[in-house]
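Following: one structure in structure tokens, then a few remarks.
Model, not experiment: these values are computed from the prediction. The sequence lines fix the lettering, A, B, ..., with proteins before strands; numbering per chain opens at 1.
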Number of protein chains: 2
Amino acid sequence: MPVILKDIAARLNLSVTTVSRALGGYPDVAAETRERVLQAAEEMGYHPDVTAQRLQKRRTDTIGLVIPTSGPRFSDPYFTELLAGVGNETARQQFELLIATRPPDTPEERETYERMVQGHRVDGLLVARTRRRDERIAFLCGNGFPFVAFGRWGEELDFPYLDVDGQAGMDQATQHLINLGHRRIAYIGAPRELMFAHFRLGGYRQAMERHGLPIEDGLIAVGDLTQKGGYEEAQRLLGLKVPPTAILAGNDLTALGVISAAQERGLEVGRDLSVVGFDDIPQVEHAHPSLTTVSQPIYDIGVTICRMLIQLLQGEELTERQVLWQPELVVRSSSGPPGPGTVSRDLAK
Amino acid sequence: MPVILKDIAARLNLSVTTVSRALGGYPDVAAETRERVLQAAEEMGYHPDVTAQRLQKRRTDTIGLVIPTSGPRFSDPYFTELLAGVGNETARQQFELLIATRPPDTPEERETYERMVQGHRVDGLLVARTRRRDERIAFLCGNGFPFVAFGRWGEELDFPYLDVDGQAGMDQATQHLINLGHRRIAYIGAPRELMFAHFRLGGYRQAMERHGLPIEDGLIAVGDLTQKGGYEEAQRLLGLKVPPTAILAGNDLTALGVISAAQERGLEVGRDLSVVGFDDIPQVEHAHPSLTTVSQPIYDIGVTICRMLIQLLQGEELTERQVLWQPELVVRSSSGPPGPGTVSRDLAK
DNA sequence: ATTATAACCTAAAACGTTTCGGGTGTCAAA
DNA sequence: TTTGACACCCGAAACGTTTTAGGTTATAAT
């Protein structure tokens with residue numbers, strides 16, 4: 001049986017109240033008494049029952065995060081890094097982190113959110129990867145439940161979020177390729193349902209239009225954010241009669257798949273084909289060739305949304321309720337001028 | 001204010017007890033009464049307060065997992081997949097999953113375990129990646145706290161675990177390379193402190209010895225399980241006067257780094273250099289070249305250790321307390337016979 | 001000698017649930 | 001009419017805390 005307040009009180013001939021207040025650091029306990037309590041607690045190996053504390057305080061000091069996972073072979077390094085940021089910050093602030101992994105936009109996911117909110121399992125939630133018709137956000141807003149999102153939302157609801165300017169990021173990336181001399185630039189994005197897919201694709205379009213370059217439907221593909229998806233879409237694009245000289249990927253995993261497909265066709269990435277990703281997950285720096293990508297500080301994003309949420313929970317006003325960070329293009333070796341061997345080089349002139 | 005039992009009781013002129021028992025499905029409630037209670041609960045939007053239930057039942061229906069993360073740029077796909085398995089199974093069994101991310105073998109990690117155990121935050125724990133001197137296991141065994149480990153332990157403590165036979169796996173991998181004709185086979189393992197590093201290295205040694213091949217200290221390197229570590233160690237090995245014709249990596253991430261280093265040196269992996277990994281994370285199937293690796297079903301491992309733990313918590317006997325799964329070598333394109341261009345090919349004869 | 005103040009302590013209520021040990025009323029059997 | 005059995009319901013205690021609202025004693029001020 002674990003030691004409880006009552007045990008300490010009995011041993012010291014004190015009331016439970018006094019023991020509690022001594023441990024709680026209240027000033028109306030004699031210094032000597034506090035000392036005795038502290039020592040007894042130490043000796044007896046007392047640790048407060050967190051459940052009882054929660055019931056009494058009516059908060060759980062726990063935040064929740066539901067990770068959208070698709071299928072058993074789900075493994076997105078992006079989420080590991082986000083999780084590391086969130087996890088470390090929660091711990092630093094003496095909070096707990098409740099995690100669920102559920103396929104996005106399913107009854108299971110919905111139930112999980114309901115469970116967390118309605119059973120008071122968590123004080124607040126983090127919502128990752130906002131979607132176009134995001135019932136999670138509608139649900140949380142509707143219930144007035146505290147949350148912070150990583151990502152914006154189309155509808156006119158006012159909630160706290162942090163987002164990275166995917167449009168500006170992808171614009172930069174596209175601009176970079178155009179500057180190198182590319183004209184025929186393909187794009188393998190993420191499913192349309194995801195908000196960020198929207199913004200990133202917008203950045204591509206914006207940059208292309210600015211330079212009067214045609215946007216061909218045939219050069220715009222939709223992947224599934226995995227390496228495999230990138231591989232397959234790239235195979236298709238590279239098999240075109242007039243293939244692109246550069247491919248922009250909606251995220252790094254997709255980009256890695258593109259590289260893989262290119263290499264399998266004997267192309268040298270960075271010369272015969274330029275590839276640019278988005279995210280800057282740790283893996284891509286030491287890939288071959290190292291990947292040019294739009295870098296967003298995933299770990300710091302995790303830390304920050306976590307910090308925002310906890311601030312919110314503690315009743316503080318957020319200095320910035322809606323934050324947009326600017327990503328940064330990191331040029332590495334996977335992008336270069338369209339090579340002499342490129343089929344469509346002449347078209348570029 | 002959320003609806004509580006008392007509210008329902010008041011509305012129906014019943015006692016809290018009866019309402020509770022009606023909702024709990026006890027037989028000593030009139031069918032008609034139960035019906036009224038159920039309907040009122042539905043109408044009023046009642047959801048039990050999970051904290052109060054926990055306090056009363058003295059269980060949390062929560063299991064914990066502390067993910068060992070090293071540094072902010074931590075991102076191991078292996079853990080994402082494990083997490084997906086654990087997460088889905090916990091949800092299926094109506095449990096909650098409490099996650100922490102802490103650097104291994106640090107005071108922070110120790111405190112987190114203490115917090116979880118002593119504050120009764122969780123009913124049981126999953127321990128991943130057992131270590132040679134694993135204070136986590138010593139602590140949990142010492143406290144008689146329920147847990148299941150992914151990985152064995154050297155010391156003579158009897159606890160439930162699931163492990164994959166790394167020795168057999170690496171033996172197979174080594175055998176595969178030897179069969180292909182390789183003789184000069186290097187090994188980039190994981191830090192010695194990790195139990196699995198031990199077994200896997202043992203498998204390499206075992207196979208080499210069986211074939212009377214010399215085990216050169218200079219060909220055995222220690223990585224850090226990341227792509228970067230693999231890259232750096234591979235650069236060193238490939239820079240040797242007589243470089244190896246094949247490199248075995250202690251995990252897939254390391255293997256990807258090796259491939260990257262080889263390609264940077266202009267080697268064609270699978271011909272000029274063979275590379276074999278361990279884990280079979282989703283990424284490696286669509287890498288270029290696709291990676292030959294020892295496959296362990298990470299997702300299923302997550303599901304299984306989770307299932308074992310919950311069984312344990314529910315007081316059931318485990319049919320198998322200590323399980324050892326056999327991994328399987330998956331041959332893809334990163335391994336082949338030592339090529340004609342290989343420096344040390346002649347030595348092999 | 002009274003009153004105010006301060007220092008220290010505590011009983012009891014509260015948090016929302018489940019469970020224990022009856023209690024009441026009805027009906028059938030004796 | 002009593003007795004038992006049964007069906008249904010309920011008060012109170014319990015889970016381990018914190019908080020509220022004092023209570024007691026000693027000391028200082030009047």
Go through the steps to decide whether F147(A) and F159(A) satisfy the test ring pair (Phe, Tyr, Trp, His ring centres under 6.0 Å), and finish with yes or no. CA-CA 8 Å; F147(A) 74 103; F159(A) 60 89; 5.5 Å; yes
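Each end of the helix from dA1(C)-dT30(D) to dA30(C)-dT1(D) gets its own axis, taken as the rotation carrying the C1' atoms of four end pairs onto the next four within a five-pair window, and the two axes meet at 70° to the nearest 10 degrees.
Side-chain atoms of L14(A) lie closest to dT10(C) of the nucleotides dT10(C), dC15(D), dT19(C). Listed nucleotides dT18(D), dG16(D), dC9(C) differ in distance to K57(A); the shortest reach to its side chain belongs to dT18(D). The side chain of S20(A) lies closest to dT19(D), out of dT19(D), dT10(C), dG16(C). If you check dC8(C), dT17(C), dT18(C) against the side chain of A52(B), the one that comes closest is dT17(C). With distances taken from any side-chain atom of Y26(B) to the nucleotides dT19(C), dC8(C), dT18(D), the minimum falls on dT19(C). In this structure, of dT10(C), dT19(D), dC9(D), it is dC9(D) that holds the atom nearest to the side chain of T33(B). Closest approach to the Q53(B) side chain among dC8(C), dC9(D), dT17(C) is made by dT17(C) (side chain taken as heavy atoms from C-beta onward). Distances from the side chain of D28(A) to the nucleotides dT17(D), dC9(C), dG16(C) place dC9(C) closest. Side chain of Y46(B), nearest nucleotide from dT17(C), dT19(D), dC15(D): dT17(C). Of the candidates dT18(C), dC9(C), dA12(C), the closest approach to any side-chain atom of T17(A) belongs to dA12(C).
Between E109(B) and the choices R102(B), R115(B), R131(B), the salt bridge (charged side-chain N to carboxylate O under 4.0 Å, His left out) rule is met once, by R131(B).
Panel note: side chain E193(A), backbone R133(A); a donor-acceptor pair is recorded below 3.5 Å.
Checking the phosphate oxygens (OP1, OP2) of dT10(C), a side-chain nitrogen or oxygen of S15(A) falls inside 4.0 Å.
Between F74(B) and F79(B), the ring planes are tilted. Angles from 30° to 60° get that label.
In this structure, a donor-acceptor pair under 3.5 Å is present between the side chains of D158(B) and Q322(B).
Between D123(A) and R58(A) no salt bridge is recorded (no basic side-chain N to carboxylate O distance below 4.0 Å).
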